[in-house]
Amino acid sequence: KLRIFYNLSCFGKSMNDVNAFIVTYNSAKTINACLDSLQGKLPNRSLIAVWDNNSSDDTVSIINGNYCNIKVYRSNVNIGFGAAIDNIAKKHKDASWYFILNPDSIISFTDYDNIHTQMEIEPNISLWGASIYTSNGKISPSAFMFPSLLEDITKLYEINLVLTQDIKKKISKIFNI
């Protein structure tokens with residue numbers, strides 16, 4: 001699943017065109033396909049860096065054994081996705097564009113080219129997201145509403161309510177939910 005692709009070129013002169021960051025945790029089954037989808041498709045001046053969150057499987061040995069051009073950082077604890085991205089970004093802040101993805105992502109570079117072209121056309125937009133597809137080609141939603149007690153109750157009792165946000169807020173306030 002593709003996370004974000006954004007422009008941070010305002011932070012100084014860039015040395016790389018793109019830095020691709022991947023955070024892994026027990027990702028031995030998926031990391032090869034992810035890295036293979038990136039190989040040779042990023043611009044020449046690019047870096048691929050992986051932060052491993054203390055995997056207990058063969059994730060790190062797979063990367064080190066098959067990809068000599070990828071920088072790997074291994075943490076001795078699982079610090080989570082956000083902290084891992086923060087740590088790796090601090091080490092590699094020398095790019096115009098940053099490409100952040102999960103280890104189960106397989107990137108279509110038709111989409112990559114389209115996103116990159118749009119980013120060049122719209123320099124004031126600094127955060128882009130691509131469509132996410134399941135392995136059988138169906139679109140997978142990347143955003144949704146968080147569940148609430150009210151929604152759970154309506155599902156439990158098979159109530160089909162169509163409520164405005166204002167009514168939902170009033171009901172939530174009455175029942176402290």
Side-chain angles (χ1 to χ4, degrees), residues 1-123 125-140 142:
K1 293 172 177 62
L2 180 65
R3 287 291 183 189
I4 51 178
F5 192 55
Y6 57 99
N7 179 355
L8 291 179
S9 58
C10 58
F11 289 109
K13 186 176 182 201
S14 66
M15 296 174 64
N16 288 333
D17 292 328
V18 175
N19 282 349
F21 301 153
I22 303 166
V23 177
T24 60
Y25 177 72
N26 292 335
S27 304
K29 293 179 181 176
T30 60
I31 194 63
N32 273 326
C34 177
L35 294 174
D36 287 347
S37 77
L38 290 172
Q39 292 293 304
K41 295 175 184 167
L42 294 174
N44 288 334
R45 295 183 319 161
S46 296
L47 168 89
I48 300 171
V50 175
W51 183 280
D52 183 75
N53 268 329
N54 198 29
S55 292
S56 59
D57 66 2
D58 293 329
T59 302
V60 173
S61 60
I62 288 169
I63 298 167
N64 288 333
N66 296 311
Y67 306 94
C68 60
N69 59 335
I70 294 176
K71 182 74 177 162
V72 179
Y73 298 93
R74 183 157 194 178
S75 176
N76 59 358
V77 295
N78 186 339
I79 61 173
F81 184 85
I85 289 297
D86 187 52
N87 284 346
I88 203 167
K90 287 176 184 174
K91 295 178 184 300
H92 300 286
K93 48 188 169 186
D94 61 344
S96 295
W97 302 99
Y98 294 80
F99 198 43
I100 301 172
L101 56 149
N102 286 341
D104 61 347
S105 302
I106 299 173
I107 305 305
S108 158
F109 276 86
T110 302
D111 292 336
Y112 170 85
D113 288 339
N114 291 338
I115 291 171
H116 192 262
T117 299
Q118 283 300 127
M119 287 188 292
E120 294 294 333
I121 293 170
E122 300 286 346
I125 298 175
S126 58
L127 178 65
W128 292 80
S131 296
I132 300 171
Y133 295 89
T134 62
S135 58
N136 63 3
K138 296 187 181 208
I139 289 186
S140 176
S142 59

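A donor-acceptor pair is defined here as one N or O able to donate and one able to accept, closer than 3.5 Å; no such pair exists between the side chain of D52 and the backbone of V60. Side-chain atoms of N54 do not come within 3.5 Å of backbone N or O of N78 as any donor-acceptor pair. Here the side chain of Y98 pairs a donor or acceptor atom with the backbone of K93 at under 3.5 angstrom. Here the side chain of S37 pairs no donor or acceptor atom with the backbone of L35 at under 3.5 angstrom. Checked by atom type and distance alone, the side chain of T59 pairs as donor or acceptor with a backbone atom of A28 at under 3.5 Å.
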For N19 and I88, what are the C-alpha separation, side-chain angles and deciding distance, and is it a side chain to side chain contact (heavy atoms under 4.5 Å, CB included)? CA-CA 10 Å; N19 282 349; I88 203 167; over 6 Å; no
Could you go through the side chain to side chain contact (heavy atoms under 4.5 Å, CB included) check for N102 and F81 one step at a time? CA-CA 9 Å; N102 286 341; F81 184 85; 3.2 Å; yes
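To the nearest 0.5 angstrom, I62 atom CD1 is 11.0 Å from K29 atom NZ. Expressed to the nearest 0.5 Å, how far CG of L101 lies from CD1 of I106 amounts to 11.0 Å. For the atom pair OG of S27 and CG of D57, the computed distance is 7.0 Å after rounding to the nearest 0.5 Å. Taking CG of N87 as the start and NE2 of H92 as the end, the distance is 11.0 Å to the nearest 0.5 Å. We find the CD1-OH distance between I48 and Y67 to be 9.5 Å, quoted to the nearest 0.5 Å. The CH2 atom of W51 lies 9.5 Å from the CG atom of D86; values are rounded to the nearest 0.5 Å.
Across all non-hydrogen atoms, the minimal contact from V23 to P103 is O-CD, 3.0 Å. Taking all atoms of both residues into account, the shortest heavy-atom contact from S55 to R74 is O-NH2, 2.6 Å. Taking each heavy atom of K91 and Y73 in turn, the nearest pair found is CD-CE2, 3.4 Å.
The shortest side-chain heavy-atom distance between I22 and I70 does not fall under the 4.5 Å cut-off.
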